[in-house]
There are 2 protein chains.
Amino acid sequence: MSGGVEAALHCCVVLTAATGPVPAARLAQLHGVSATYLAKQLQALSRADLVQSVQGKSGGYVLTRPPEDITVLDVVEAVEGTQSTFVCTEIRQRGPLASPPEACTAPCAIARTMAVADRAWRAALREVSIADLGRLVGGDYDTDVLGKVGDWLVSAEP
Amino acid sequence: MSGGVEAALHCCVVLTAATGPVPAARLAQLHGVSATYLAKQLQALSRADLVQSVQGKSGGYVLTRPPEDITVLDVVEAVEGTQSTFVCTEIRQRGPLASPPEACTAPCAIARTMAVADRAWRAALREVSIADLGRLVGGDYDTDVLGKVGDWLVSAEP
DNA sequence: TTGACTCGGACAACATATGTCCGAGTAAGG
DNA sequence: CCTTACTCGGACATATGTTGTCCGAGTCAA
(Lines give C-alpha, C1' and ligand atoms only; values in the text may rest on other atoms or scores of the structure.)
Protein backbone atom coordinates (compact mmCIF):
# COMPACT_ATOMS: atom_id res chain seq x y z
CA MET A 1 0.00 0.00 0.00
CA SER A 2 1.10 3.53 -0.69
CA GLY A 3 2.74 5.24 2.25
CA GLY A 4 0.92 8.50 1.54
CA VAL A 5 -2.20 7.08 3.16
CA GLU A 6 -0.65 7.36 6.59
CA ALA A 7 0.22 11.02 6.10
CA ALA A 8 -3.24 11.79 4.70
CA LEU A 9 -4.93 10.23 7.73
CA HIS A 10 -2.74 12.18 10.14
CA CYS A 11 -3.60 15.38 8.27
CA CYS A 12 -7.32 14.73 8.53
CA VAL A 13 -7.06 14.13 12.26
CA VAL A 14 -5.04 17.33 12.71
CA LEU A 15 -7.56 19.32 10.69
CA THR A 16 -10.11 18.27 13.30
CA ALA A 17 -8.29 20.44 15.83
CA ALA A 18 -7.96 23.44 13.51
CA THR A 19 -10.21 26.48 13.64
CA GLY A 20 -9.35 27.91 10.19
CA PRO A 21 -7.65 26.86 6.97
CA VAL A 22 -4.24 25.17 7.43
CA PRO A 23 -1.64 25.40 4.63
CA ALA A 24 0.00 22.22 3.36
CA ALA A 25 3.42 23.52 4.33
CA ARG A 26 2.30 23.89 7.94
CA LEU A 27 0.97 20.35 8.04
CA ALA A 28 4.23 19.04 6.59
CA GLN A 29 6.26 20.95 9.17
CA LEU A 30 4.14 19.57 11.99
CA HIS A 31 4.54 15.98 10.78
CA GLY A 32 8.17 16.26 9.75
CA VAL A 33 7.59 15.07 6.19
CA SER A 34 8.29 16.44 2.72
CA ALA A 35 6.05 19.43 2.07
CA THR A 36 5.82 19.04 -1.68
CA TYR A 37 4.93 15.37 -1.47
CA LEU A 38 2.32 15.93 1.19
CA ALA A 39 0.75 18.50 -1.14
CA LYS A 40 0.12 15.75 -3.64
CA GLN A 41 -1.83 13.69 -1.11
CA LEU A 42 -3.86 16.72 -0.07
CA GLN A 43 -4.72 17.34 -3.70
CA ALA A 44 -6.09 13.81 -3.83
CA LEU A 45 -8.23 14.53 -0.77
CA SER A 46 -9.40 17.71 -2.47
CA ARG A 47 -10.40 15.86 -5.65
CA ALA A 48 -12.43 13.45 -3.49
CA ASP A 49 -14.17 16.40 -1.82
CA LEU A 50 -13.00 15.39 1.64
CA VAL A 51 -11.19 18.68 2.14
CA GLN A 52 -11.70 22.05 0.51
CA SER A 53 -8.83 24.23 -0.56
CA VAL A 54 -9.07 27.97 0.02
CA GLN A 55 -6.55 30.04 -1.87
CA GLY A 56 -5.03 33.40 -1.15
CA LYS A 57 -2.88 34.84 1.57
CA SER A 58 -4.33 33.09 4.62
CA GLY A 59 -5.59 30.04 2.77
CA GLY A 60 -5.12 26.34 3.29
CA TYR A 61 -7.21 23.21 3.68
CA VAL A 62 -10.42 22.70 5.63
CA LEU A 63 -12.56 19.61 6.14
CA THR A 64 -15.71 19.80 4.06
CA ARG A 65 -17.78 17.68 6.44
CA PRO A 66 -17.91 17.04 10.18
CA PRO A 67 -15.29 14.40 11.07
CA GLU A 68 -18.02 11.97 12.10
CA ASP A 69 -19.07 11.79 8.44
CA ILE A 70 -15.60 11.01 7.04
CA THR A 71 -14.55 7.39 7.29
CA VAL A 72 -11.05 6.00 7.12
CA LEU A 73 -12.13 4.20 3.95
CA ASP A 74 -12.96 7.53 2.34
CA VAL A 75 -9.39 8.71 2.89
CA VAL A 76 -7.83 5.43 1.75
CA GLU A 77 -9.88 5.36 -1.45
CA ALA A 78 -9.15 9.01 -2.15
CA VAL A 79 -5.40 8.37 -2.09
CA GLU A 80 -5.13 4.77 -3.30
CA GLY A 81 -8.06 4.66 -5.70
CA THR A 82 -11.29 2.70 -5.45
CA GLN A 83 -10.30 -0.35 -7.44
CA SER A 84 -9.74 -3.63 -5.64
CA THR A 85 -6.20 -4.59 -4.65
CA PHE A 86 -6.59 -7.80 -6.67
CA VAL A 87 -7.16 -7.51 -10.40
CA CYS A 88 -8.19 -10.63 -12.31
CA THR A 89 -6.37 -11.00 -15.64
CA GLU A 90 -8.69 -13.78 -16.84
CA ILE A 91 -6.11 -16.53 -16.98
CA ARG A 92 -8.93 -19.00 -17.61
CA GLN A 93 -9.38 -17.52 -21.09
CA ARG A 94 -5.79 -18.24 -22.11
CA GLY A 95 -3.78 -21.30 -23.06
CA PRO A 96 -4.79 -24.48 -24.90
CA LEU A 97 -7.73 -25.23 -22.58
CA ALA A 98 -9.09 -21.68 -22.57
CA SER A 99 -12.69 -21.25 -21.53
CA PRO A 100 -14.76 -19.54 -24.24
CA PRO A 101 -15.58 -15.89 -23.52
CA GLU A 102 -19.33 -16.54 -23.52
CA ALA A 103 -18.84 -18.86 -20.50
CA CYS A 104 -16.98 -16.16 -18.58
CA THR A 105 -19.70 -13.62 -17.86
CA ALA A 106 -19.32 -14.06 -14.09
CA PRO A 107 -15.99 -13.59 -12.28
CA CYS A 108 -14.00 -16.76 -11.70
CA ALA A 109 -13.85 -18.48 -8.30
CA ILE A 110 -10.48 -16.98 -7.43
CA ALA A 111 -11.63 -13.45 -8.23
CA ARG A 112 -14.79 -13.99 -6.17
CA THR A 113 -12.78 -15.16 -3.16
CA MET A 114 -10.46 -12.18 -3.34
CA ALA A 115 -13.43 -9.85 -3.75
CA VAL A 116 -15.05 -11.19 -0.57
CA ALA A 117 -11.84 -10.51 1.37
CA ASP A 118 -11.55 -7.07 -0.18
CA ARG A 119 -15.09 -6.19 0.90
CA ALA A 120 -14.33 -7.35 4.46
CA TRP A 121 -11.26 -5.09 4.50
CA ARG A 122 -13.21 -2.10 3.26
CA ALA A 123 -16.08 -2.76 5.67
CA ALA A 124 -13.66 -2.64 8.61
CA LEU A 125 -12.25 0.68 7.41
CA ARG A 126 -15.75 2.07 6.90
CA GLU A 127 -16.58 1.42 10.55
CA VAL A 128 -14.04 3.98 11.83
CA SER A 129 -14.43 7.71 11.31
CA ILE A 130 -11.92 10.51 11.58
CA ALA A 131 -13.70 11.64 14.73
CA ASP A 132 -13.15 8.15 16.19
CA LEU A 133 -9.45 8.43 15.43
CA GLY A 134 -9.29 11.76 17.22
CA ARG A 135 -10.91 10.25 20.31
CA LEU A 136 -8.55 7.24 20.17
CA VAL A 137 -5.35 9.29 20.04
CA GLY A 138 -6.70 11.40 22.89
CA GLY A 139 -7.07 8.30 25.00
CA ASP A 140 -3.64 6.96 24.13
CA TYR A 141 -1.71 9.60 26.07
CA ASP A 142 -2.46 11.32 29.35
CA THR A 143 -1.91 14.76 27.84
CA ASP A 144 -4.41 16.39 25.47
CA VAL A 145 -2.45 15.97 22.25
CA LEU A 146 -5.11 17.35 19.95
CA GLY A 147 -5.45 20.47 22.08
CA LYS A 148 -1.72 21.06 21.89
CA VAL A 149 -1.85 20.67 18.13
CA GLY A 150 -4.61 23.26 17.92
CA ASP A 151 -2.56 25.71 19.98
CA TRP A 152 0.54 25.12 17.86
CA LEU A 153 -1.35 25.74 14.64
CA VAL A 154 -2.36 29.25 15.70
CA SER A 155 0.90 30.15 17.45
CA ALA A 156 3.43 28.83 14.90
CA GLU A 157 5.51 31.37 13.01
CA PRO A 158 4.83 31.65 9.24
CA MET B 1 -1.11 -6.44 -4.95
CA SER B 2 1.37 -8.42 -6.96
CA GLY B 3 -0.09 -10.10 -10.04
CA GLY B 4 1.85 -13.28 -9.40
CA VAL B 5 -0.67 -14.28 -6.74
CA GLU B 6 -3.28 -15.03 -9.37
CA ALA B 7 -0.96 -17.34 -11.28
CA ALA B 8 0.16 -19.10 -8.11
CA LEU B 9 -3.44 -19.80 -7.11
CA HIS B 10 -4.28 -21.17 -10.54
CA CYS B 11 -1.24 -23.44 -10.33
CA CYS B 12 -2.27 -24.82 -6.96
CA VAL B 13 -5.75 -25.61 -8.23
CA VAL B 14 -4.32 -27.33 -11.29
CA LEU B 15 -1.93 -29.38 -9.17
CA THR B 16 -5.03 -30.75 -7.46
CA ALA B 17 -5.92 -32.53 -10.70
CA ALA B 18 -2.42 -33.89 -11.30
CA THR B 19 -1.34 -37.44 -10.52
CA GLY B 20 2.42 -36.88 -10.62
CA PRO B 21 4.93 -34.00 -10.62
CA VAL B 22 4.17 -31.18 -13.08
CA PRO B 23 7.04 -29.06 -14.48
CA ALA B 24 6.81 -25.29 -14.27
CA ALA B 25 7.06 -25.02 -18.05
CA ARG B 26 3.97 -27.22 -18.45
CA LEU B 27 1.99 -25.06 -16.02
CA ALA B 28 3.05 -21.91 -17.86
CA GLN B 29 2.01 -23.40 -21.21
CA LEU B 30 -1.38 -24.39 -19.81
CA HIS B 31 -2.03 -20.91 -18.43
CA GLY B 32 -0.51 -19.00 -21.33
CA VAL B 33 1.91 -17.01 -19.18
CA SER B 34 5.66 -16.47 -19.12
CA ALA B 35 7.40 -19.68 -18.06
CA THR B 36 10.41 -18.05 -16.45
CA TYR B 37 8.33 -15.67 -14.41
CA LEU B 38 5.95 -18.35 -13.23
CA ALA B 39 8.99 -20.29 -12.03
CA LYS B 40 9.72 -17.48 -9.62
CA GLN B 41 6.27 -17.75 -8.04
CA LEU B 42 6.59 -21.52 -7.76
CA GLN B 43 9.92 -21.07 -6.00
CA ALA B 44 8.12 -18.89 -3.46
CA LEU B 45 5.55 -21.63 -2.94
CA SER B 46 8.40 -24.09 -2.50
CA ARG B 47 10.10 -21.93 0.12
CA ALA B 48 6.81 -21.80 2.03
CA ASP B 49 6.57 -25.60 1.89
CA LEU B 50 3.24 -25.53 0.07
CA VAL B 51 4.64 -27.45 -2.88
CA GLN B 52 7.63 -29.74 -3.13
CA SER B 53 10.01 -29.68 -6.06
CA VAL B 54 11.29 -32.99 -7.41
CA GLN B 55 14.24 -32.67 -9.74
CA GLY B 56 15.48 -34.88 -12.54
CA LYS B 57 14.11 -35.96 -15.84
CA SER B 58 10.44 -36.45 -14.99
CA GLY B 59 10.37 -33.97 -12.12
CA GLY B 60 8.21 -30.98 -11.35
CA TYR B 61 6.04 -29.67 -8.52
CA VAL B 62 3.68 -31.56 -6.21
CA LEU B 63 1.46 -30.33 -3.40
CA THR B 64 2.93 -31.21 -0.02
CA ARG B 65 -0.45 -31.43 1.72
CA PRO B 66 -4.00 -32.37 0.79
CA PRO B 67 -5.70 -29.33 -0.81
CA GLU B 68 -8.14 -29.13 2.10
CA ASP B 69 -5.21 -28.13 4.34
CA ILE B 70 -3.90 -25.32 2.09
CA THR B 71 -5.73 -22.02 2.43
CA VAL B 72 -5.79 -19.17 -0.04
CA LEU B 73 -4.08 -17.09 2.64
CA ASP B 74 -1.18 -19.54 2.68
CA VAL B 75 -0.61 -18.95 -1.04
CA VAL B 76 -1.00 -15.18 -0.79
CA GLU B 77 1.46 -14.92 2.10
CA ALA B 78 3.93 -17.20 0.36
CA VAL B 79 4.06 -14.89 -2.67
CA GLU B 80 3.40 -11.47 -1.15
CA GLY B 81 5.04 -11.92 2.24
CA THR B 82 3.45 -12.02 5.66
CA GLN B 83 3.83 -8.37 6.60
CA SER B 84 0.77 -6.16 6.71
CA THR B 85 -0.07 -4.07 3.66
CA PHE B 86 0.07 -0.98 5.87
CA VAL B 87 3.37 -0.10 7.52
CA CYS B 88 3.37 2.58 10.21
CA THR B 89 6.32 4.97 9.89
CA GLU B 90 5.72 6.49 13.35
CA ILE B 91 4.85 9.97 12.18
CA ARG B 92 3.81 10.80 15.75
CA GLN B 93 7.48 10.69 16.77
CA ARG B 94 8.49 13.38 14.28
CA GLY B 95 8.09 17.12 14.02
CA PRO B 96 8.04 19.84 16.70
CA LEU B 97 5.27 18.15 18.72
CA ALA B 98 6.81 14.66 18.56
CA SER B 99 5.62 12.20 21.17
CA PRO B 100 8.52 10.85 23.23
CA PRO B 101 9.54 7.27 22.33
CA GLU B 102 8.74 5.97 25.82
CA ALA B 103 5.08 6.93 25.26
CA CYS B 104 4.95 4.98 21.97
CA THR B 105 5.19 1.41 23.13
CA ALA B 106 1.78 0.53 21.69
CA PRO B 107 0.87 1.12 18.01
CA CYS B 108 -0.90 4.39 17.29
CA ALA B 109 -4.64 4.59 16.63
CA ILE B 110 -4.23 4.70 12.87
CA ALA B 111 -1.99 1.63 12.83
CA ARG B 112 -4.45 -0.23 15.06
CA THR B 113 -7.34 0.57 12.74
CA MET B 114 -5.45 -0.61 9.69
CA ALA B 115 -4.37 -3.75 11.55
CA VAL B 116 -7.98 -4.63 12.35
CA ALA B 117 -8.90 -4.33 8.68
CA ASP B 118 -5.87 -6.36 7.67
CA ARG B 119 -6.86 -9.14 10.05
CA ALA B 120 -10.38 -9.17 8.62
CA TRP B 121 -8.93 -9.51 5.11
CA ARG B 122 -6.67 -12.37 6.12
CA ALA B 123 -9.46 -14.10 8.02
CA ALA B 124 -11.61 -14.12 4.89
CA LEU B 125 -8.79 -15.63 2.85
CA ARG B 126 -8.14 -18.23 5.54
CA GLU B 127 -11.71 -19.47 5.25
CA VAL B 128 -11.24 -20.75 1.69
CA SER B 129 -9.03 -23.73 0.85
CA ILE B 130 -7.57 -24.83 -2.46
CA ALA B 131 -9.99 -27.75 -2.41
CA ASP B 132 -12.86 -25.28 -2.10
CA LEU B 133 -11.57 -23.40 -5.16
CA GLY B 134 -11.51 -26.65 -7.12
CA ARG B 135 -15.12 -27.36 -6.23
CA LEU B 136 -16.14 -23.80 -7.11
CA VAL B 137 -14.60 -23.83 -10.56
CA GLY B 138 -16.21 -27.21 -11.15
CA GLY B 139 -19.61 -25.72 -10.42
CA ASP B 140 -19.05 -22.66 -12.60
CA TYR B 141 -19.19 -24.54 -15.89
CA ASP B 142 -21.26 -27.49 -16.99
CA THR B 143 -18.21 -29.39 -18.19
CA ASP B 144 -15.72 -31.01 -15.82
CA VAL B 145 -12.89 -28.56 -16.30
CA LEU B 146 -10.58 -30.06 -13.70
CA GLY B 147 -10.92 -33.50 -15.27
CA LYS B 148 -9.97 -32.10 -18.67
CA VAL B 149 -6.94 -30.44 -17.13
CA GLY B 150 -5.87 -33.75 -15.63
CA ASP B 151 -6.18 -35.46 -19.01
CA TRP B 152 -4.24 -32.71 -20.75
CA LEU B 153 -1.40 -32.92 -18.23
CA VAL B 154 -0.74 -36.58 -19.02
CA SER B 155 -1.36 -36.35 -22.76
CA ALA B 156 0.53 -33.14 -23.60
CA GLU B 157 3.67 -33.42 -25.65
CA PRO B 158 6.96 -32.61 -23.85
C1' DT C 1 27.91 -43.67 -17.85
C1' DT C 2 25.46 -40.80 -20.39
C1' DG C 3 22.37 -37.45 -21.15
C1' DA C 4 18.75 -34.48 -21.07
C1' DC C 5 15.65 -32.40 -18.27
C1' DT C 6 14.55 -30.22 -13.81
C1' DC C 7 14.84 -26.47 -10.39
C1' DG C 8 17.36 -22.43 -8.23
C1' DG C 9 19.24 -18.05 -7.76
C1' DA C 10 21.57 -14.08 -10.15
C1' DC C 11 20.77 -10.49 -13.90
C1' DA C 12 18.07 -6.58 -16.86
C1' DA C 13 13.62 -3.81 -18.25
C1' DC C 14 9.56 -1.76 -16.96
C1' DA C 15 5.95 0.36 -13.94
C1' DT C 16 4.58 2.58 -10.03
C1' DA C 17 5.43 5.32 -6.02
C1' DT C 18 8.22 8.96 -4.22
C1' DG C 19 10.09 13.41 -4.26
C1' DT C 20 10.65 18.13 -6.60
C1' DC C 21 9.82 22.15 -9.23
C1' DC C 22 7.63 26.32 -11.13
C1' DG C 23 3.38 28.74 -12.91
C1' DA C 24 -1.86 30.34 -12.23
C1' DG C 25 -4.84 32.28 -9.10
C1' DT C 26 -6.54 34.76 -5.05
C1' DA C 27 -7.34 37.24 -0.88
C1' DA C 28 -5.25 40.41 2.33
C1' DG C 29 -3.31 44.89 3.13
C1' DG C 30 -1.84 49.47 1.90
C1' DC D 1 -7.80 50.24 -6.71
C1' DC D 2 -3.34 48.27 -6.94
C1' DT D 3 0.36 45.84 -5.17
C1' DT D 4 2.17 42.05 -3.09
C1' DA D 5 2.93 38.00 -0.96
C1' DC D 6 1.05 33.80 -0.17
C1' DT D 7 -1.81 29.81 -1.57
C1' DC D 8 -2.91 25.67 -4.47
C1' DG D 9 -2.47 22.91 -8.86
C1' DG D 10 -0.50 20.22 -12.27
C1' DA D 11 3.83 19.02 -15.00
C1' DC D 12 8.67 17.20 -14.32
C1' DA D 13 12.84 13.94 -12.33
C1' DT D 14 14.33 10.10 -9.16
C1' DA D 15 14.01 5.63 -6.35
C1' DT D 16 12.05 1.51 -5.22
C1' DG D 17 9.58 -2.64 -6.30
C1' DT D 18 7.48 -5.61 -9.69
C1' DT D 19 7.81 -8.00 -14.12
C1' DG D 20 10.40 -10.56 -17.21
C1' DT D 21 14.77 -13.14 -18.66
C1' DC D 22 18.91 -15.73 -18.48
C1' DC D 23 22.26 -19.40 -17.52
C1' DG D 24 24.46 -22.66 -14.14
C1' DA D 25 24.03 -26.62 -10.38
C1' DG D 26 21.81 -30.73 -9.40
C1' DT D 27 19.22 -35.04 -10.28
C1' DC D 28 16.64 -38.80 -11.88
C1' DA D 29 15.69 -41.88 -16.04
C1' DA D 30 17.49 -44.48 -19.51
Side-chain angles (χ1 to χ4, degrees), chain A residues 1-8 11 15 18 20-29 31-64 76 78-81 83 85-87 89 91 153 156-158, chain B residues 1-8 11 15 18 20-29 31-64 76 78-81 83 85-87 89 91 153 156-158:
Chain A
M1 145 153 357
S2 162
V5 172
E6 184 184 9
C11 286
L15 285 179
V22 182
R26 190 69 52 86
L27 288 168
Q29 184 186 356
H31 290 122
V33 300
S34 158
T36 52
Y37 180 55
L38 188 63
K40 189 184 288 262
Q41 315 303 336
L42 289 168
Q43 287 170 24
L45 296 181
S46 176
R47 272 190 291 267
D49 278 324
L50 299 181
V51 301
Q52 186 167 12
S53 71
V54 347
Q55 290 211 342
K57 192 172 177 97
S58 61
Y61 287 100
V62 193
L63 293 177
T64 56
V76 170
V79 174
E80 290 275 298
Q83 69 179 356
T85 56
F86 179 86
V87 285
T89 62
I91 284 184
L153 285 177
E157 286 294 315
Chain B
M1 146 152 358
S2 162
V5 172
E6 185 184 9
C11 286
L15 286 179
V22 183
R26 190 70 51 85
L27 288 168
Q29 183 186 357
H31 291 122
V33 300
S34 159
T36 52
Y37 180 55
L38 187 62
K40 190 185 288 264
Q41 315 303 335
L42 289 168
Q43 287 170 25
L45 296 181
S46 176
R47 273 190 290 267
D49 278 323
L50 299 181
V51 302
Q52 187 167 12
S53 70
V54 349
Q55 289 211 342
K57 191 168 176 103
S58 62
Y61 287 99
V62 193
L63 293 178
T64 55
V76 170
V79 175
E80 290 274 299
Q83 68 179 355
T85 57
F86 178 87
V87 285
T89 62
I91 284 183
L153 285 177
E157 286 295 315

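None of these values were measured; they are calculated from a predicted model. So that the names make sense, note that chain A is the first sequence line, chain B the second, and so on, each numbered from 1.
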Next on the checklist: I need the Thr85(A) OG1 to Glu80(B) CD distance, nearest 0.5 Å.
Outcome noted: 8.5 Å
Checklist entry - Of the non-hydrogen atoms in Ala78(B) and Ala44(B), which two are nearest, and what is the gap between them? => result O-CB, 3.7 Å
Next on the checklist: Which heavy atom of Leu153(B) sits nearest to which heavy atom of Ala18(B), and what is that distance?
Outcome noted: CD1-CB, 3.8 Å
Checklist entry - Can you pull the ring pair (Phe, Tyr, Trp, His ring centres under 6.0 Å) pairs that have at least one residue in residues 31-58 of chain B, sequence neighbours excluded? => result His10(B)-His31(B)
Next on the checklist: Reading DNA chain C from 5' to 3', where do the contacts with chain A start and stop? Cut-off is 4.0 Å to heavy atoms.
Outcome noted: dT18(C) to dA28(C)
Next on the checklist: To the closest 0.5 Å, what do you measure between CG (Leu38(A)) and NZ (Lys40(A))?
Outcome noted: 12.0 Å
Next on the checklist: How long is the straight-line distance from CG of Leu15(B) back to CG of Leu42(B), given to the nearest 0.5 Å?
Outcome noted: 7.5 Å
Report all interatomic pairs (protein N or O, nucleotide N or O of nucleotides 28-30 of chain D) with separations under 3.5 Å.
none

Checklist outcome for this item: Here the residues of residues 37-50 of chain A within 4.0 Å heavy-atom distance, strictly under, of DNA chain C are Tyr37(A), Lys40(A)
Checklist entry - Nearest heavy-atom pair of Met1(B) and Phe86(A): which atoms, and what distance? => result SD-CD1, 4.1 Å
Item to check | Partner residues of Thr64(A) under the side chain to side chain donor-acceptor pair (under 3.5 Å) criterion, sequence neighbours left out | outcome: none
Checklist outcome for this item: Thr89(A) meets the side-chain contact (heavy atoms from CB on, under 4.5 Å) criterion, sequence neighbours left out, with Ile91(A), Arg94(A), Glu6(B)
Checklist entry - So what does Ala25(B) hit on the nucleic acid, given a heavy-atom distance under 4.0 Å: a base, only sugar-phosphate, or nothing? => result nothing
Next on the checklist: Within the 4.0 Å heavy-atom criterion, would you say Thr36(A) contacts the bases, only the backbone, or no part of the nucleic acid?
Outcome noted: base
Side chains of residues 46-60 of chain A: which donor-acceptor pairs under 3.5 Å do they make with residues two or more places apart or in other chains?
none

